[in-house]
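We use all heavy atoms of the structure for the numbers below, so side chains are in, but hydrogens, waters and symmetry mates are not.
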Amino acid sequence: MVQKYQSPVRVYKYPFELVMAAYEKRFPTCPEIPVFLGSEILHESKSDDGAIHVIERSCKLNVDAPRLLKKVHPENEEWTCFEQSASLDIKSFFGFESTVEKIAMKQYTSNIKRGKEVIEHYLKELISQGITFIPRWTPPVAHGQKAEQAPAASHEPSDAPLESGAQGSPTEQTGSSCPPAEPVSPDADKLDADYIERYLGQLTPMQESCLIRLRQWLQETHKGKIPKDEHILRFLRARDFNIDKAREMLCQSLSWRKQYQVDYILQSWRPPALLDEYYTGGWHYQDRDGRPLYILRLGQMDTKGLVKALGEESLLRHVLSINEEGQKRCEENTNLFGRPITSWTCLVDLEGLNMRHLWRPGVKALLRIIEVVEDNYPETLGRLLIVRAPRVFPVLWTLVSPFINENTRQKFLIYSGNNYQGPGGLVDYVDKEVIPDFLGGDCMCTVPEGGLVPKSLYQTDEEPENADHIRLWTETIYHSASVLRGAPHEIVVEILEGESVITWDFDILKGDVVFSLFHSKRAPETSHKEATLPSTSAAGDNVQLIDKTWVLGVDYSRVESPLVCREGESIQGSHVTRWPGFYILQWKMHGPLPCSGTSLPRVDDVLASLQVSSHKCKLIYYYEVLASKDFRGSMSSLESCNSGFSQLSGATTSSSHSQSSSHLSR
């Protein structure tokens, strides 16, 4: 594979002719650049009018030496813009051509940044010798024509790399011409070295080369708007400056941004009032390094309520807007502090975090959001400060960390208890006058304190979210269903191996229902049925699976005792299967319980039946199947099922059967 290098534009505040004279003094040897051992001229030619002077040299280093592209600086025609490109192609080296090319190019680029110093050294040498001016070239004048200076077009050598000989001997070509009478602006795809250092930071020569080459490729292939230089650089850093991998990642992200109109999210996205009140995050000044500081009080956030009230779509869109705003603030701070600020800092307060945050649907939503951010906003997080991490944090970290890029994980700093206070804590990264008051600082912080999201705000499919936006996700964690008298809602789960675990999480938004779990050896047929109410309204999203001809105990069996679920309750549970086959989760409208012997139905059951007899029940639900080996210790384990945000009693119903074990909690 041919190794290539492209330098940024370097500016010399001297005329072009003088810079070229200094450049020529580098040959045949250049002690200031040790990697350059010597050279000899292979071919030299000049055009008839003297405008083009081409010299081909064979260098002792096995690289193609730079070709010069002559430009005049737009601010001053007495200045010169200088850039270099090189390519190395070893034809034969016992099967190690690619390795030797990389080694040789690394040696070459390790010295290339001294190129400007070397030319300036020879410029000073020329000046010390009294050579301060070299006349500009002017085109020859035809016989009888009055001599006057005519503008000449700038000549650039071919972009095609010069191939080396059979043994890998390198060649060099230089091209030059007179400066035009009028200043010519550099091409839009050229990056100035001073600009890179000022706005993008210190880069090695090969990193500069990768940035310039990827940027040029984008301009050639993506007509119109291309990403900002700092955005391109983030993708290169995320792929360790492997151009092919960075290009693939960036192109996928650009397609994603275009498809979902992410470029306009700061203008089009208006967070719902619910987010303004219950999302416990916000921007707060900057850290000691000038990075924008974002504070997230995750322990105080009702993540479960936000997911159920807003859905993943709104939460993801809000997270994307935060990332877009972060990049915007980085640009502002770069201009404000006069140095490159390319990432932001996040301060996460985990006080209040407990097992309620680890319920599986919420963690699954979090992982999906992390995946989107990792793919499209690489290297935007400069530092993550986690304070007041409780005992349960290692469980969350174990679940989440495998999905976070290794480079990102190395930026995490975690403090438990009050270890964030004092030397070695937050004051090392955030000025004391900026530390929020709730962390013992003197600064009043306007980040919302959060609280419980009312269940009345939980969302159903009848209330589509973000109807005016292109949806980022077509599938959601939670699904909604209606339950009518005589028309239960049922879902089937096929289990291929015993010892699997079925987990569920659902909320009763309206009415009272009875939840049951059944097993059958044969697959039921899906059918949408109409309610047996006086009105002939359809059951909508209601699905029935158990055929009326099926006989309980013959065609299917009950593996969970019926659980009465009241309006407003949150239910989490799990069932360890014993046999393969088809398991049916059923929700049906709650009515009076059948008499058993001489006992009478309970009064509250009769009243509940009368209350719901004239309307349908509503619920939102989530379910998942886990392998038994993955279940214990996961976010769906028995210990993590209880929800502190359910606003219900701590009553827990559990059942055990000879053929299975299960857990239910409200």
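Looking only at side-chain heavy atoms (C-beta outward), Y420 and L439 come within less than 4.5 Å of each other. When side chains are defined from C-beta on, D512 does not count as touching C617, because their heavy atoms never get closer than 4.5 Å. With a 4.5 Å cut-off on side-chain heavy atoms, L316 and R368 do not count as touching. Using a 4.5 Å cut-off on side-chain heavy atoms (C-beta onward), D289 and T345 make no contact. Contact of the C443 side chain with the H284 side chain is registered, since non-hydrogen atoms from C-beta on lie closer than 4.5 Å. Considering only heavy atoms from C-beta on, P448 stays 4.5 Å or farther from D276 through its side chain. The side-chain heavy atoms of F393 and I386, taken from C-beta on, include a pair separated by under 4.5 Å. Taking 4.5 Å as the limit, every side-chain heavy atom of K432 sits out of range of all side-chain heavy atoms of L426.
Formation of a donor-acceptor pair under 3.5 Å by the S253 side chain with backbone atoms of M249 is not found in this model. A donor-acceptor contact shorter than 3.5 Å is absent between the side chain of Q300 and the backbone of G451. In terms of modelled atom types and a separation under 3.5 Å, the side chain of D431 and the main chain of E433 share no donor-acceptor contact. Checking side-chain atoms of N419 against main-chain N and O of Y415 turns up no donor-acceptor pair under 3.5 Å. Put simply, the side chain of T380 gets close to the backbone of Y377: a donor and an acceptor are under 3.5 Å apart. Of the possible polar contacts, one joining the T280 side chain to the R297 backbone as a donor-acceptor pair under 3.5 Å is found. The closest donor-acceptor contact from the side chain of D302 to the backbone of V453 lies under 3.5 Å. The closest donor-acceptor contact from the side chain of E374 to the backbone of N405 lies under 3.5 Å. Side-chain N or O atoms of N323 include one that pairs as donor or acceptor with a backbone N or O of V319 at under 3.5 Å. With hydrogens and angles disregarded, no donor-acceptor distance shorter than 3.5 Å links the side chain of N333 to the backbone of L336.
Expressed to the nearest 0.5 Å, how far CD1 of I232 lies from CZ of R215 amounts to 6.5 Å. The CG atom of L214 sits 6.0 Å away from atom CG of L250, with the distance rounded to the nearest 0.5 Å. With rounding to the nearest 0.5 angstrom, the CD atom of E230 is 10.0 Å from the CG atom of L211. Distance check, rounded to the nearest 0.5 Å: CG of L457 to CG of L310 gives 8.5 Å. The CG atom of L236 sits 11.0 Å away from the CG atom of D229 when rounded to the nearest 0.5 Å. Taking CD1 of I571 as the start and CZ of R566 as the end, the distance is 11.0 Å to the nearest 0.5 Å.
Shortest non-hydrogen contact noted between I508 and C565 is CG1-CB, 3.8 Å. Taking both residues in full, the closest heavy atoms of L218 and I226 are given as O-CG2, 3.9 Å, listed atom of the first, atom of the second, then distance. Here the shortest heavy-atom pairing between I341 and T334 reads N-OG1, 2.9 Å. T398 and S401 get closest at one heavy-atom pair: O-OG, 4.0 Å. For V501 against S574, the heavy-atom pair with the smallest separation is CG1-CB, 4.1 Å. Residues P292 and C330 approach most closely at CG-N, 3.8 Å, considering heavy atoms.
Between Y621 and Y623, the ring planes lie parallel to each other; the angle is under 30°, not in the 30° to 60° tilted range. Relative orientation of the W587 and F506 rings is perpendicular, given thresholds of 30° and 60° on the angle between their planes. Aromatic ring pairs are classed by plane angle as parallel below 30°, tilted from 30° to 60° and perpendicular above 60°; the pair H318 and W269 is tilted.
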Full working for side chain to side chain contact (heavy atoms under 4.5 Å, CB included) between L233 and Q207: CA-CA 9 Å; L233 187 58; Q207 290 173 347; 5.9 Å; no
From CA spacing to verdict: side-chain hydrogen bond (donor to acceptor under 3.5 Å, both in side chains), K455, S570: CA-CA 10 Å; K455 285 178 176 280; S570 294; 2.5 Å; yes
Worked verdict on W217 versus H222 for ring-ring contact (aromatic ring centres under 6.0 Å, His included): CA-CA 8 Å; W217 181 85; H222 289 64; 5.7 Å; yes
Residue pair L381, C346: steps toward the side chain to side chain contact (heavy atoms under 4.5 Å, CB included) verdict: CA-CA 7 Å; L381 183 65; C346 186; 3.9 Å; yes
Candidate pair V387 and L347, rule side chain to side chain contact (heavy atoms under 4.5 Å, CB included), full reasoning: CA-CA 8 Å; V387 299; L347 172 59; 3.9 Å; yes
Audit row: R237, L203, side chain to side chain contact (heavy atoms under 4.5 Å, CB included) steps and yes/no: CA-CA 11 Å; R237 283 186 170 131; L203 301 177; 3.7 Å; yes
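With salt bridges taken as basic N to acidic carboxylate O contacts below 4.0 Å, none links K328 and E331. Between E379 and R234 no salt bridge is recorded (no basic side-chain N to carboxylate O distance below 4.0 Å). Under the 4.0 Å criterion applied to side-chain N and carboxylate O atoms, D263 and K258 are not assigned as salt-bridge partners. Comment: E567 does not engage K510 in a salt bridge, judged by the lack of any side-chain N to carboxylate O separation of less than 4.0 angstrom. Look at R383 and D287 and you find a salt bridge, because one of the NZ, NE, NH1 or NH2 atoms lies within 4.0 Å of a carboxylate O, short of that distance. Using a 4.0 Å cut-off between charged nitrogen and carboxylate oxygen, E324 and R257 count as a salt-bridge pair.
Scored by the ring-ring contact (aromatic ring centres under 6.0 Å, His included) test, F438 finds no partners at all (sequence neighbours excluded).
A donor-acceptor pair shorter than 3.5 Å cannot be found between the side chains of Y195 and E197. Side-chain contact annotation: R291 with S343, donor-acceptor N/O pair under 3.5 Å present.
With respect to I404, the side-chain contact (heavy atoms from CB on, under 4.5 Å) criterion is satisfied by exactly one of K411, R409, E371: R409.
Summarising the local packing, CD of E449 is surrounded by 12 or fewer heavy atoms from other residues, nucleotides or ligands at distances under 6.0 Å. Surrounding OH of Y285 are at most 12 heavy atoms belonging to other residues, nucleotides or ligands under 6.0 Å away.
Sequence neighbours left out, the pairs with a member in residues 319-346 that pass ring-ring contact (aromatic ring centres under 6.0 Å, His included) are W283-W344.
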